[in-house]
J.: 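Right, I'll just put the structure down here and ask away after.
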Amino acid sequence: MDKPENQLLDIQHLHTAFRVGDDFYDAVEDVNLTLNRDEILAIVGESGSGKSTLATSVIGLHNLQNTKITGDILYNDLNLVGLNETLYNRIRGNDIGMIFQDPLAALNPLMRIGEQIGETLLYHTKLNKEERDHRVLELLGQVGIPNPVRVFKQYPHELSGGMRQRVVIAIAIACKPPILIADEPTTALDVTIQAQILDLLENIQQETHSGIILITHDLGVVAETADRVAVMYAGQIVEQGTVQAIFEHPLHPYTRSLLRSMPQADNDSDDLYVIEGTVPDLKHMQTDDCRFAARIPWIPASAHEAHPTMHEVEPGHFVRCTCYKTFHFNDEAEA
Amino acid sequence: MALIEIRDLKIHYPIRSGFFNRVTDHVLAVDGINFDIEEGETYGLIGESGSGKSTTGKAIVGLEKATSGQILYKGEDVTKPRNRKKLQYNRDVQMIFQDSLSSLNPKKRIKDIIAEPIRNFEHLAPADETKRVQELLDIVGMPADAMYKYPHEFSGGQRQRIGIARAVSTNPKLIVADEPVSALDLSVQAQVLNFMKEIQKEFNISYLFISHDLGVVKHMCRNMAIMTRGRFVEVGTREDIYQHPQHIYTQRLLSAIPKITPASRMIDKSNRKRVEALYQEESSKYYGPDGKVLDLKQVSPTHSVAIQDPVVEGGQS
């Protein structure tokens, strides 16, 4: 299969399994995803759905003693699965940049901001000290930090949360990587700061034409920024499509339930919609049935597939399992 | 009469510096706020980090000492220790914390955690105590065998419900809920919020609901206040705040909430940019020379805003 011109990343049948005791359990199961240039791909899911595990599998941050990764992550005909550390170190930072959730934990408290950003450049480029410092100041300006010259000499604790996250972004984009992974980049921030950081990410993307994987649990953030969305539940992608398709015509019962449980709607006196039961844990996910079936017990077993696969409902809009066809909420009449 | 009335509450922290470690300045964490909470009502307190909203909540339960001002409970000032005891204030006012893991003692069984307030205020025989804990677990929808487990054995939502069971164990009149759902996933958040409403109806509890999430506050509260820099910028009903926000800070906060309608996102974005520009441009109109939030002015019977002068239509002001 030849790959489209602007495709950056092609993930095929990715499984990431963690060791619990003597066995391995899939935290990410059979994920197929592509990332294109100039797009923001959002991965949404609740805690434990495997969205962060997916990201750390791409950038290779797992301890391979206790993790088993199978499948393919193709980047420019290079398979990142099973890549040796030396080569991976050249990819990380240079080709794939990562923005972490907690900027204070992601920064070294003993290093000045200028040095931390310069470190990436030192490793990946042949710039000399003077050129590096120049580039660092340029980056600080690009991420919207007022007075870059002063911040250059400051330590992380001297900056506010929003400013720290800007520094983390500056590190991630220092080598102009074509792929950026942002793992909950705004979860720790106030809404007004969140809006600024999301704007910044969009601006950077427009300048560098990179592809961004945005991992978040916040549906509002997704609706405002993403181009395409993948919804994850219990390690699997259950629905995938354009942002319009997911928010305007959600199909999978999980996506629909999630959107309905948001307190955004103006029905103040009514109770919020609650999804029955709980997310299964790693050890109990190992079934071949529809993993969401236990949360919607009023749907007959015959509505589910024996081995749920992704169905293309419309071009580019995929849904797992057949239960979406007959799904209705338990307080509604049958569809 | 309202259940609890906050009158000109101030909490200032001293900044010490210099050779003799003298007090050189104060941080005005909370600087003169007034509000009332009625019986059975949920009052929303909205603010960004550092606005002083949690400090206010802590001062009401008594974890923080008020520098000046009054907290009137049943008409008596509970900043005075004598009154607290007389009114059984510590029993009537409880708190739910944001981080359920760090607010539960990891070395104690759930039974001991929930029974702790009961042991403080009531002297029950061991059998009665067990029965009471069982009832409480039942109220929050947890199985009875949870009693002999430890906090780490539960998920975040379950732990938050244990925190609620502990808070309601003394039949309180007011619960201060400091960001009770911000650490929870969407589906679990819905469970906890529904459940908080349920026990409110059942036991006629008032809540002070502290949150940065405007969507959640809109769902939970009829009356609310927006707080920044230790002061209120806008106080009003749900309609006043969400439909007719007057203060630029409120407008900016509302415009920054991401909407779940991808179709209108370009409009939302330009709207946000416009409000942000207005905020930068006009903030001097809304704040005093030292950056202090102005005093509240009433613009309608339920709605007060921190602006210079209320806009009087068609007349001189």
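A note on names: the letters A, B, ... follow the listed sequences, proteins ahead of strands, and every chain is numbered from 1. Scope of the values below: all heavy atoms of this structure, side chains included, with no hydrogens, waters or symmetry mates.
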J.: Of the listed residues (B:Leu184, B:Asp185, B:Leu186), which shares the most heavy-atom pairs with chain A below a 4.5 Å separation?
T.: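 With the most close heavy-atom pairs to chain A, the winner is B:Asp185.
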J.: Does any N or O in the side chain of A:Gln240 come within less than 3.5 Å of the main-chain N or O of A:Val231, such that one atom is a donor and the other an acceptor?
T.: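 Side chain of A:Gln240 to backbone of A:Val231, a donor-acceptor pair under 3.5 Å: no, none is there.
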J.: With a 4.5 angstrom heavy-atom cut-off, could you sort out which part of B:Arg272 is near chain A: side chain, backbone, both or neither?
T.: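 For B:Arg272, the side chain is the part near chain A, not the backbone.
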J.: Which bit of A:Ser257 comes within less than 4.5 Å of chain B, counting heavy atoms only: side chain, backbone, both or neither?
T.: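 Answer is neither: A:Ser257 stays 4.5 Å or more from chain B.
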J.: Highest number of heavy-atom pairs under 4.5 Å with chain B: which of A:Thr187, A:Val243, A:Ile275?
T.: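 It is A:Val243.
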J.: Looking at chain B, which one of A:Thr225, A:Asp218, A:Leu259 has the largest number of heavy-atom pairs inside 4.5 Å, strictly under?
T.: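 Looking at each option in turn, the highest pair count goes to A:Thr225.
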J.: Give a yes or no answer on whether the side chain of A:Glu239 reaches the backbone of A:His252 with a donor-acceptor pair at less than 3.5 Å.
T.: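 Yes, A:Glu239 side chain to A:His252 backbone: donor-acceptor pair under 3.5 Å.
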J.: Strictly under 6.0 Å, is that where the ring centroids of B:Tyr249 and B:Tyr287 end up?
T.: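 No, the ring of B:Tyr249 stays outside the 6.0 Å limit from the ring of B:Tyr287, centre to centre.
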J.: Which region of B:Thr261, side chain (C-beta onward) or backbone (N, CA, C, O), has a non-hydrogen atom less than 4.5 Å from a non-hydrogen atom of chain A, or is it both or neither?
T.: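 When you check distances to chain A, only backbone atoms of B:Thr261 fall under 4.5 Å.
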J.: Of the backbone (N, CA, C, O) and the side chain (C-beta and beyond), which part of A:Glu276 lies under 4.5 Å from a heavy atom of chain B, both, or neither?
T.: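 For A:Glu276, there is no contact with chain B at all, as no heavy atom is under 4.5 Å.
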J.: Do B:Lys218 and B:Tyr242 meet the cation-pi criteria used here (NZ or CZ under 6.0 Å from the six-membered ring centre, within 45° of the axis)?
T.: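 Pair B:Lys218/B:Tyr242 counts as cation-pi.
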J.: Between B:Arg238 (side chain only) and B:Cys221 (backbone N and O only), is there a donor and an acceptor less than 3.5 Å apart?
T.: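 Yes, because the side chain of B:Arg238 sits within donor-acceptor range (under 3.5 Å) of the backbone of B:Cys221.
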J.: Under 6.0 Å between ring centres, would you say that holds for A:Phe18 and A:Tyr25?
T.: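 No, the ring centres sit 6.0 Å or more apart.
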